[in-house]
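Worth knowing before you read on, the calculation uses all heavy atoms, side chains too, and leaves out hydrogens, waters and symmetry mates.
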Amino acid sequence: MDFFGFSERVKSAADKALELCKPQFSRLDELGFYNGQRVLKAFIDNGVSEMHLKGTTGYGYGDDGRDKLDALFAQVLGAEDALVRHNFVNGTHALTTALFGILRPHDVLMSVTGMPYDTLQEVILGDGCGSLRDFGVNFAMIPLLSDGTPDYTEITKQASSATIAYIQRSRGYSLRPSLTIDVIERIIKAIRAGNQKCVIMVDNCYGELVEEREPLTVGADLIVGSLIKNLGGGIAETGGYIAGRADLIEQCAYRLTCPGAGKEVGCSLNQSRGMYMGLFHAPEAVCAALKTSVFAAAFFEQLGYEVFPRYDEQRTDIIAALKLGSSEKLIAFCEGIQSGSPIDSSAAPEPWDMPGYDSKVIMAAGAFTMGASIELSADAPLREPYAVWLQGGLTFPTGMTGIMLAARRMEERGLL
C-alpha cells in the first residue's frame with residue numbers, strides 16, 4: 001500500500017533503485033551480522049551486568065558502570081583504553097578535548113587531509129576565543145590532490161614537524177571521497193615513514209562499524225567520535241568518545257576533568273543505560289543508515305543527479321552527498337526530509353547563520369534525539385556546488401520513505 005500517494009515517476013525510480021541496490025544490501029547485511037557479533041562478544045567478555053546500567057551522582061567516585069563502558073568501547077574499537085562520556089556535547093568537543101589534552105605551546109597540529117571541516121577550524125585557528133592558536137599551537141595543512149585523494153609523498157615529506165597528524169575520515173562539506181580503512185592505513189604508513197613519534201589522530205565520526213576494521217587496528221593512536229552518530233545507535237541521548245593508546249587517553253581525561261583526577265571522577269547520572277543500549281543497537285542502526293544511503297544514491301541517480309558515492313561504490317561512512325544544483329532545490333529537499341520525520345514532521349527548515357559556519361546552513365532533522373545524525377537527516381551550506389549531505393536512517397523502510405518524500409517535495413515545486 002502506498003500511504004503517501006507518490007507519483008508514478010517517483011515510484012518507478014524507487015523500484016529501479018531497489019533492484020540496483022540488491023547486491024549492496026546483501027553485503028551490508030553480512031557486515032551488520034559481523035559487527036553485531038563483534039559487539040555482543042565485547043559485552044560478554046566484559047561481564048556487563050544490570051548494575052552497570054545504573055547511574056551515579058556527585059563526584060562519580062567508583063562508578064563501575066562508567067569504567068565498564070570505557071572498557072567495552074575499547075574492545076569494540078580495538079583500543080587500549082577509551083573515554084566515553086555523556087558530557088561531551090558533540091564530536092567537535094571530543095576532538096577539542098583530545099587536541100588540548102595532548103598539544104602544548106609551539107607543538108604542530110598537521111592536517112594531512114586538507115582543511116578540516118568548518119566547526120573545527122574555529123577550534124584550531126579562532127582569534128581570541130581560546131583556540132589552539134591562542135595557546136601557541138601551530139597549524140599546518142597538506143592539501144588533497146586534485147582528485148580528492150591524499151598526497152602521500154608530501155605527507156611523508158612534511159610529517160617530521162608534526163606533533164599530531166590529523167586525519168578526517170568523512171568528507172565534511174566537500175565532495176572528496178571519504179577515507180576507507182585501506183586508505184587510512186596507507187596514510188598512516190606515509191606518516192610513519194617521515195615521523196615515527198607523532199600522534200596519529202583520526203576523526204572517526206560517521207565511520208564506526210561501517211567496515212570490519214577501525215582506524216586503531218591499522219596503526220592510528222587515537223580515534224574520536226560522537227554518540228549521537230553511529231555508536232549511539234539512535235538511543236544514546238548525548239555524548240562522545242575518545243579511544244586509543246592508554247597514555248594518551250589519560251592526558252585527554254586530565255583535560256576533560258582536571259589534572260590528577262582524570263577518569264576517576266565524573267558521575268554518569270542517568271545516561272549509562274542509553275549508552276550501553278545504544279552501542280548494542282549500533283550495528284543494526286548503522287546497517288539501516290548504510291542501506292538508506294545506498295538507496296538515496298541509486299534513486300537520485302535515476303532522477304538525473306550526480307551523487308557521491310554512487311550506489312555501487314564502497315562506503316566507509318554513512319554520508320551521501322547529492323549535488324542538486326541550486327539553493328531552491330536544497331531547501332525543497334530538506335523540507336521533504338523533514339516532512340518524512342517521525343518527530344516535528346510539520347516543521348519547515350530554513351537556512352540560518354549556524355555558529356561555526358561561514359555561510360547560511362539549512363538542516364532537516366526530525367529526530368527523537370535533537371541533531372542525531374544516525375537518524376535520517378540532511379544539511380547543506382547554501383553555497384556552490386549546492387550539494388546536500390544526507391545521513392542516517394534508523395530503519396530502512398522509514399529512511400527510504402524519507403528520501404522519496406524529499407523527491408516529492410522537489411517535484412511539487414517543479415524542481416525535479
Q: Drop me the distance from K291's NZ to L18's CG, to the nearest 0.5 angstrom.
A: 11.0 Å
Q: Heavy atoms only: give me the nearest M110-S161 pair and the separation to one decimal.
A: CE-OG, 3.4 Å
Q: Return yes if some donor-acceptor pair links the side-chain N/O of S226 with the main-chain N/O of I228 below 3.5 Å, else return no.
A: yes
Q: Please report the C-alpha distance between L394 and I374 in whole Å, then the side-chain angles of each, then the deciding distance to 0.1 Å, and finally whether the side chain to side chain contact (heavy atoms under 4.5 Å, CB included) criterion is met.
A: CA-CA 7 Å; L394 284 179; I374 192 61; 4.2 Å; yes
Q: Under a plain distance cut-off of 3.5 Å, with no hydrogens placed, do T56 and D63 share a side-chain donor-acceptor pair?
A: yes
Q: Salt-bridge test for K263 and D81: reply yes if a basic N is under 4.0 Å from a carboxylate O, no otherwise.
A: yes
Q: For the residue pair Y241 / N204, report whether a side-chain donor-acceptor contact shorter than 3.5 Å exists.
A: yes
Q: Working to the nearest 0.5 Å, report the span between OG1 of T316 and CZ of R213.
A: 10.0 Å
Q: What residue among E208, E211, E214, E212 forms salt bridge (Lys or Arg N to Asp or Glu O under 4.0 Å) with R38?
A: E214
Q: Looking at A347 and Q338, what are the two nearest heavy atoms and their distance?
A: O-CG, 3.4 Å
Q: Quick check: F280 with F43 (ring centres under 6.0 Å apart)?
A: yes
Q: Report the C-alpha separation of K189 and D182 in whole Å, then their side-chain angles, then the decisive distance to 0.1 Å, and conclude whether the salt bridge (charged side-chain N to carboxylate O under 4.0 Å, His left out) test is met.
A: CA-CA 11 Å; K189 288 179 179 177; D182 286 342; over 6 Å; no
Q: Please report the C-alpha distance between Y152 and K157 in whole Å, then the side-chain angles of each, then the deciding distance to 0.1 Å, and finally whether the side chain to side chain donor-acceptor pair (under 3.5 Å) criterion is met.
A: CA-CA 9 Å; Y152 300 104; K157 182 179 177 181; over 6 Å; no
Q: Is atom OH of Y34 surrounded by more than 12 heavy atoms (other residues, nucleotides or ligands) closer than 6.0 Å?
A: yes
Q: Would the number of heavy atoms belonging to other residues, nucleotides or ligands and lying under 6.0 Å from CD of E237 be above 12?
A: no
Q: Decide, yes or no, whether a salt bridge links R9 with D15 under the criterion of side-chain N to carboxylate O below 4.0 Å.
A: no
Q: If the test is side chain to side chain contact (heavy atoms under 4.5 Å, CB included), which one of I235, L231, V39 qualifies with H281?
A: I235
Q: With side chain to side chain donor-acceptor pair (under 3.5 Å) as the criterion, how do E250 and Y254 come out once you've worked through the C-alpha distance, each side chain's angles and the decisive distance to 0.1 Å?
A: CA-CA 6 Å; E250 183 176 38; Y254 288 157; 3.0 Å; yes
Q: Could you walk me through whether F333 and Y386 satisfy the ring-ring contact (aromatic ring centres under 6.0 Å, His included) test, starting with their C-alpha distance in whole Å, then the side-chain angles of each, then the deciding distance to 0.1 Å, before giving a yes or no?
A: CA-CA 11 Å; F333 180 95; Y386 295 109; over 10 Å; no
Q: Rounded to the nearest 0.5 Å, what separates atom CG in L209 from atom CG in L77?
A: 7.5 Å
Q: So, T119 and T92: side-chain donor and acceptor under 3.5 Å apart, yes or no?
A: yes
Q: Can you tell me if CZ on R186 sees more than 12 non-hydrogen neighbours from other groups inside 6.0 Å?
A: no
Q: Quick one: do E80 and R245 make a salt bridge, cutoff under 4.0 Å?
A: no
Q: Checking the side chain of Q121 only, and the main-chain atoms of M115 only, is there a donor and an acceptor separated by less than 3.5 Å?
A: no
Q: Run D203 and I167 through side chain to side chain contact (heavy atoms under 4.5 Å, CB included) and show every step you take.
A: CA-CA 6 Å; D203 179 350; I167 300 170; over 6 Å; no
Q: Rounded to the nearest 0.5 Å, what separates atom CG in L405 from atom CG in L376?
A: 9.5 Å
Q: With the side chain counted from C-beta on, respond yes when P150 and V112 share a heavy-atom pair under 4.5 Å apart, and no when they do not.
A: no
Q: Is a side-chain donor-acceptor pair under 3.5 Å present for T398 with T401?
A: no
Q: Thinking salt bridges, do D70 and R85 make one under a 4.0 Å N-O criterion?
A: yes
Q: Could you give the distance from CG (L109) to CD1 (I164), rounded to the nearest 0.5 Å?
A: 6.0 Å
Q: Answer whether the closest heavy-atom distance between the side chains of V123 and S131 falls below 4.5 Å.
A: no
Q: Salt bridge (charged side-chain N to carboxylate O under 4.0 Å, His left out), that's the test. Do R409 and E412 meet it? Break it down for me.
A: CA-CA 5 Å; R409 183 60 60 93; E412 291 170 347; 3.5 Å; yes
Q: Are E301 and Y311 close enough that some pair of their side-chain heavy atoms sits under 4.5 Å apart?
A: yes
Q: List the steps and the verdict of side chain to side chain contact (heavy atoms under 4.5 Å, CB included) for Y305 and K323.
A: CA-CA 6 Å; Y305 291 90; K323 195 173 178 181; over 6 Å; no
Q: With a 4.5 Å heavy-atom cut-off, do I242 and I249 have their side chains touching?
A: yes
Q: For the pair R413 and E328, find out whether any cationic side-chain nitrogen is under 4.0 Å from an anionic carboxylate oxygen.
A: no
Q: Run the numbers on C198 and T163 for side chain to side chain contact (heavy atoms under 4.5 Å, CB included), then give the verdict.
A: CA-CA 5 Å; C198 82; T163 309; 5.9 Å; no
Q: Say whether R315 and S293, considering side chains only, have a donor N or O and an acceptor N or O under 3.5 Å apart.
A: yes
Q: Can you confirm whether N90 sits close enough to T238 that some side-chain heavy atom of one is under 4.5 Å from a side-chain heavy atom of the other?
A: no
Q: Check the surroundings of atom CZ in R273: do more than 12 heavy atoms from other residues, nucleotides or ligands lie under 6.0 Å from it?
A: no
Q: What's the spacing between L330 CG and R383 CZ if we round to 0.5 Å?
A: 11.5 Å
Q: One thing to verify: whether E411 and R408 come together as a salt bridge, which I'm taking to mean a side-chain N less than 4.0 angstrom from a carboxylate O.
A: no
Q: Would you check if the side chain of W352 reaches a backbone N or O of M363 as a donor-acceptor pair within less than 3.5 Å?
A: no
Q: Just checking K11: does its NZ atom have more than 12 heavy atoms from other residues, nucleotides or ligands closer to it than 6.0 angstrom?
A: yes
Q: Between L216 and L222, which heavy-atom pair has the shortest distance, and what is it?
A: CD2-N, 3.9 Å
Q: We want to know whether Q391 and S377 form a side-chain donor-acceptor pair, criterion being a heavy-atom distance below 3.5 angstrom.
A: yes
Q: So, S178 side chain and R171 main chain: donor-acceptor pair closer than 3.5 Å or not?
A: yes
Q: Using a distance-only test with no angle check, is there a side-chain donor-acceptor pair under 3.5 angstrom linking S272 and S268?
A: yes
Q: Which atom names give the shortest non-hydrogen contact between T369 and A236, and what distance separates them?
A: OG1-O, 4.0 Å
Q: Within the structure provided, determine whether L390 and I403 are in side-chain contact (heavy-atom separation under 4.5 Å).
A: yes
Q: Do D147 and T149 get their side chains close enough for a donor-acceptor pair, meaning under 3.5 Å?
A: yes
Q: Minimum heavy-atom separation for L69 to Y276, with atom names?
A: N-OH, 3.1 Å
Q: Testing the basics here: between D317 and V210, what is the closest heavy-atom pair and its distance to 0.1 Å?
A: N-CG1, 3.6 Å
Q: Measuring centre to centre across the rings, with the benzene-like ring taken for any Trp, is F295 within less than 6.0 Å of F25?
A: no
Q: Heavy-atom distance under 4.5 Å between the side chains of D107 and F135, does that happen here?
A: no
